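None of these values were measured; they are calculated from a predicted model. Start at 1 with the first residue, then count along the sequence.
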Amino acid sequence: MKLAGLVLFALSTSAVSAKPTFDEYLSTLRTESETLGLSSETLDDAFASIKYREKTIVHDKAQPERKKITLDAYIPRAVPEWKIAVARKHYDENIELLQRIGKDFGVQPRFIIALWGVETNFGNYTGNFSTLSALATLAYDGRREAFFKKELFAALKIIDEGHITTENMKGSWAGAMGQVQFMPSSFNAYAVDYNNDGKKDIWNSREDALASAANYLKQANWDDTYTWGRQVKLPANYNADISGLKVTKKLAEWQDLGIRTFEGKSLPNVDLDASLVMPDGVKGRVYLAYNNYKSIMRWNRSDYFATSVAHLSDAIKFRD
C-alpha cells in the first residue's frame with residue numbers, strides 16, 4: 001500500500017507540475033494582459049497572430065556558443081571599409097536632419113549615424129520575426145520569463161497606441177525592433193515622433209529612428225562637449241588591475257601612471273574623467289573611455305559593440 005501510495009503521489013505531482021501547452025500559456029498571458037487597460041480589439045488581433053516559433057529558441061540557445069575574437073579581428077568585420085563609405089554618404093545626405101536632431105538632443109550627428117550603421121546596417125537588416133511571437137515564445141521557454149513577459153506587454157501597448165500594426169511589428173528573434181533595434185520597453189521610454197505624424201515609427205521613418213537613437217543617448221547622460229574616448233598606449237609592466245569602467249581617474253592621473261596617446265604623446269591637458277578599457281587584456285587594444293563611451297554601453301553592454309560605434313564615428317569625422 002505504501003508503494004502504491006507513493007506511485008499515485010508521484011503521478012499526481014507530475015500532473016500538477018506538467019508544463020502547459022503553448023496555447024494554454026497564451027491563454028494565461030491574454031488574461032493577464034486584460035488588466036493593462038488595452039482595447040479588446042488590440043488584444044484580439046494580437047493574440048490571434050501569435051505563434052510558437054522554434055527558430056527563436058534555436059537562436060537563443062546558440063548565442064553562448066559564439067566564439068570570441070580579438071578587437072583587431074572584430075572591428076574590420078563589424079566596420080569594413082564599405083560600411084565606412086556608406087556611413088559617410090548617409091551623413092552627408094542627411095546632414096540637415098542630423099544637425100537638427102543633434103541640436104535638439106545634444107548628440108553629435110556622427111554618433112547617431114554610427115549607431116544606426118553598426119546596429120542595423122543603416123536600417124537594412126532589422127529582422128523579419130514577428131515581435132509578438134518572438135517574445136511570447138521566449139517567455140514560454142522560461143529562461144527569462146519575467147523579462148520577456150514584460151516586453152510582450154510593452155509591445156501590446158505600442159500597438160494599442162497606434163504606432164504600428166500587429167502585422168508590421170517585426171524585428172529580431174529576441175524582440176528588438178526597427179532601425180535602431182529597441183526592445184519594446186526601450187521604445188516606450190525613448191522613441192520619438194520626430195516628423196510629427198502622430199506615430200513613433202522606428203521601422204519606416206528615418207526621422208523617428210535617428211531622433212529616437214539620439215534621445216536614448218541623451219537620457220543615458222550623453223555630453224556633446226566631448227567625444228567617446230581615445231586609443232592609448234600602456235607603459236611597460238602596467239598593472240592590469242587598474243582598469244575597467246568602475247575605475248575612474250582624471251586624465252592627469254592617467255598621465256602620471258604612464259598612459260600616453262596611441263601616437264606616444266602626452267594626454268590632453270583637460271579636466272576630464274576617464275576609465276581604462278582593455279577588452280583583450282594588456283596585449284590588445286587599450287582605450288581611455290570617457291563618459292560617452294559608458295552611454296553607448298548602456299545601449300549595448302559590449303565593449304566590442306561600443307568600440308565599433310566609436311571606430312565608425314571617428315571614421316566619419318576624420319576623412320582622408
* Salt-bridge present (D92, R319; N to O < 4.0 Å) -> yes
Discussion item. On the six-membered ring of F147, is R144 placed so that its NZ or CZ lies under 6.0 angstrom from the centre and within 45° of the ring axis?
Written reply: yes
CG/N237: more than 12 non-hydrogen atoms of other groups inside 6.0 Å:
no
Is it true that D314 and R110 have a side-chain N and a carboxylate O under 4.0 angstrom from each other?
yes
Could you tell me whether E96 atom CD has more than 12 heavy atoms of other residues or ligands within 6.0 Å of it? no
Residues pairing under side-chain hydrogen bond (donor to acceptor under 3.5 Å, both in side chains) where one sits in residues 121-130, two or more places apart or in two chains, turn out to be S130-S133
Original post:
Hey, what's the ring geometry for Y140 with F22, parallel, tilted or perpendicular (30° and 60° as the breaks)?
Top reply: perpendicular
Other residues, nucleotides, ligands: >12 heavy atoms within 6.0 Å of E167 CD:
no
Assess whether atom CG of N269 is packed by more than 12 heavy atoms of other residues, nucleotides or ligands within 6.0 Å.
no
So ring-ring contact (aromatic ring centres under 6.0 Å, His included) across residues 241-287, not counting sequence neighbours, yields W228-Y287
- Kindly assign one of parallel, tilted or perpendicular to the pair W299 and F182, based on the angle between their ring planes and the thresholds 30° and 60°. tilted
Taken in chain and number order and not counting sequence neighbours, the residues that satisfy side-chain hydrogen bond (donor to acceptor under 3.5 Å, both in side chains) with D273 are K250
